[in-house]
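Let me begin by presenting the structure, written as structure tokens, before commenting on it.
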There are 2 protein chains.
Amino acid sequence: MFAYRKDQSRPNTLGSLGFTTTSKPTVNLSEFKYQRKAEIFGEGEPAVYVYQVKRGAVRSYKLLNDGRRQIGAFHLVDDIFGIENGAKHRFTTEAVVETIVCLIRRESLQLEAERDAAVSRSLLRLTSRNLEHAEDHMLLLGRKTAVERVAAFLQEMDRRTGTNCLSLPMGRRDIADYLGLTLETVSRAVSRLHSEGVLKFVGRTQREIVILNREKLQSFDLVN
Amino acid sequence: MFAYRKDQSRPNTLGSLGFTTTSKPTVNLSEFKYQRKAEIFGEGEPAVYVYQVKRGAVRSYKLLNDGRRQIGAFHLVDDIFGIENGAKHRFTTEAVVETIVCLIRRESLQLEAERDAAVSRSLLRLTSRNLEHAEDHMLLLGRKTAVERVAAFLQEMDRRTGTNCLSLPMGRRDIADYLGLTLETVSRAVSRLHSEGVLKFVGRTQREIVILNREKLQSFDLVN
DNA sequence: CGATCCTTTGAAGGACGTCAAGGTCTGTGG
DNA sequence: CCACAGACCTTGACGTCCTTCAAAGGATCG
């Protein structure tokens, strides 16, 4: 089994943020760039900032002590992540590809919420959306077969990207760790969907996918 | 595979609430009693009330079209459930045993939250706690082995009940559908923990359990 | 005390994981 | 421009953990 290893000698969040913006430290809104695979924050670290993806993609995950990994969510452009009710982050997050994020001091957001009920409401709304996603994902992880999981994943990406052609930023291993499978099983499921005419590959990598038959794709993940 | 069937000819929430209290309909707080296996509300129904368990236990679950079931949470005494950000309930909930719930009009709660920031905060806090539980459960469902899941379940129940002796209200099938396993696998895992001296049964049913060795139980679910 | 429900246990099967090999694409340096 | 290395994906063979199927033993309740 492939095992992820938690880097123990990592600088803290603030230290690992390489400045790529000219904004002053006291200003609330700053943009930062992360290289592919760079950690944005680690599970258990103090939650200082809230983040929004401007370009790229982010994975957030938990590890077991022996290196098994479960990705809880992918954050795509415009998605907000890193919001916590407690003092600490509950996931580790990494840039899947080169990624630009905008960050807000959690503190200032909290203050804003105190004064503005609309901010408070959107905070609740955001948390609720995350909860709903997690609830759906529990059903997937607990009860769906491999093909159903992959079909559901493709539909989710299809829905979220809005474009006709899926250009997945993440590799098969990431998909596998999101779906609770191995990368080989993901590959086999994608192959099967391909051979059944549900999708085709465009470009030279296998990450650019066009859904040919949405109805049939749906039929592989009958939820209701 | 055992398949659950969704009862289509069920009365709506209000209709199915048998009055067991003398409070007037206009009063906000009412108590209701549900028999074992009685549905409290169904997935997709309008969310009219928010509930708190006074006695008994509740399971909330989602079904796939072919009857596979995933229980997202058990609600024990004092737990609040049925809070939704949207208009509809996202789970079906049933009484695991004879259960008394206290219910509040969602509407009035929302109004209260508008005026009182403390209510608003506790609403967010509650939602966050549910999210955190779901996040942990995704890791369990996606990456843990059968014994690890059962060990984690027993630890969760141990933590939540506070008493020395676990008196599980739910059967093996419910536990299985919570852990993404079959009831046979749950039974085997419990048997194994029993034979290894981690727990013992008290009383005549196999639902009353005393944890003999918390340290060893912990070792079956090394998360970090 | 028979009927039903719940749980345990055994045996067999299957879906997914593991291991391994080979292919494609990319980047780098000769 | 080509050789080579490395990352990533696919595919096959085999193994294993969990499911499925089956039977039997308590517990509860009429």
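Convention: sequence-line order gives letters A, B, ...; per-chain numbering from 1.
Taking Phe81(B) as the reference, Tyr51(B), His75(B) meet the ring pair (Phe, Tyr, Trp, His ring centres under 6.0 Å) condition, with sequence neighbours excluded. Every side-chain hydrogen bond (donor to acceptor under 3.5 Å, both in side chains) that Arg68(B) has, sequence neighbours left out, goes to Glu148(A), Asp66(B). Listed by chain and residue number, Phe74(B), His137(B), Phe153(B) satisfy the ring pair (Phe, Tyr, Trp, His ring centres under 6.0 Å) test with Tyr178(B) (two or more places apart in sequence, or in another chain). Residues forming a side-chain hydrogen bond (donor to acceptor under 3.5 Å, both in side chains) with Arg192(A) (at least two apart in sequence, or on another chain): Glu196(A). Remark: Ser187(B) pairs with no residue by the side-chain hydrogen bond (donor to acceptor under 3.5 Å, both in side chains) rule, at least two apart or across chains.
Under 4.0 Å is where a charged nitrogen must lie from a carboxylate oxygen, and between Arg59(A) and Glu94(A) at least one such pair does. For the pair Glu84(A) and Lys88(A), the salt-bridge criterion is not met [side-chain N within less than 4.0 Å of a carboxylate O]. We find that Glu135(A) and Lys62(B) are not joined by a salt bridge, their nearest charged nitrogen and carboxylate oxygen being 4.0 Å or further apart.
Axis orientation changes by 30° from one end of the helix from dC1(C)-dG30(D) to dG30(C)-dC1(D) to the other, with each end axis drawn from 5 pairs and the value rounded to 10°.
Side-chain atoms of Val48(A) and Arg106(A), non-hydrogen and from C-beta on, never get closer than 4.5 Å to each other.
Between the side chains of Tyr61(B) and Arg69(B), no donor-acceptor pair is found at a separation under 3.5 Å.
At a non-hydrogen distance threshold of 4.0 Å, Gly180(B), Leu181(B), Thr182(B), Glu184(B), Thr185(B) from residues 168-185 of chain B come into contact with DNA chain D. Near DNA chain D, meaning a heavy atom under 4.0 Å away, the residues from residues 136-156 of chain B are Thr145(B), Ala146(B). A heavy atom lying under 4.0 Å from DNA chain C marks the following residues of residues 190-210 of chain A, by number: Arg204(A).
The residue among Arg188(A) and Arg36(B) whose nearest nucleotide of DNA chain C is located toward the 5' end is Arg36(B).
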Pair Leu179(A)-Leu140(A), side-chain contact (heavy atoms from CB on, under 4.5 Å): steps then yes or no: CA-CA 8 Å; Leu179(A) 300 178; Leu140(A) 179 148; 4.0 Å; yes
Given Glu31(A) and Lys54(A), is the side-chain contact (heavy atoms from CB on, under 4.5 Å) satisfied, shown in steps? CA-CA 8 Å; Glu31(A) 286 198 349; Lys54(A) 287 300 174 187; 3.7 Å; yes
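Atom CZ of Arg160(B) sits in a crowded spot, with more than 12 heavy atoms from other residues, nucleotides or ligands closer than 6.0 Å. A 6.0 Å sphere centred on CZ of Arg55(A) holds no more than 12 heavy atoms belonging to other residues, nucleotides or ligands.
In the 5' to 3' direction, nucleotides of DNA chain D lying under 4.0 Å from heavy atoms of chain A begin and end at dC8(D) to dA13(D). Read 5' to 3', the first and last nucleotides of DNA chain C with an atom closer than 4.0 Å to a heavy atom of chain B are dC6(C) to dA11(C).
Sequence neighbours left out, the pairs with a member in residues 196-220 of chain B that pass ring-ring contact (aromatic ring centres under 6.0 Å, His included) are His194(B)-Phe201(B).
To the nearest 0.5 Å, atoms CG (Leu126(B)) and OG1 (Thr127(A)) are separated by 12.0 Å.
Between Leu166(B) and Ile211(B) the shortest heavy-atom distance is CD1-CD1, 4.2 Å.
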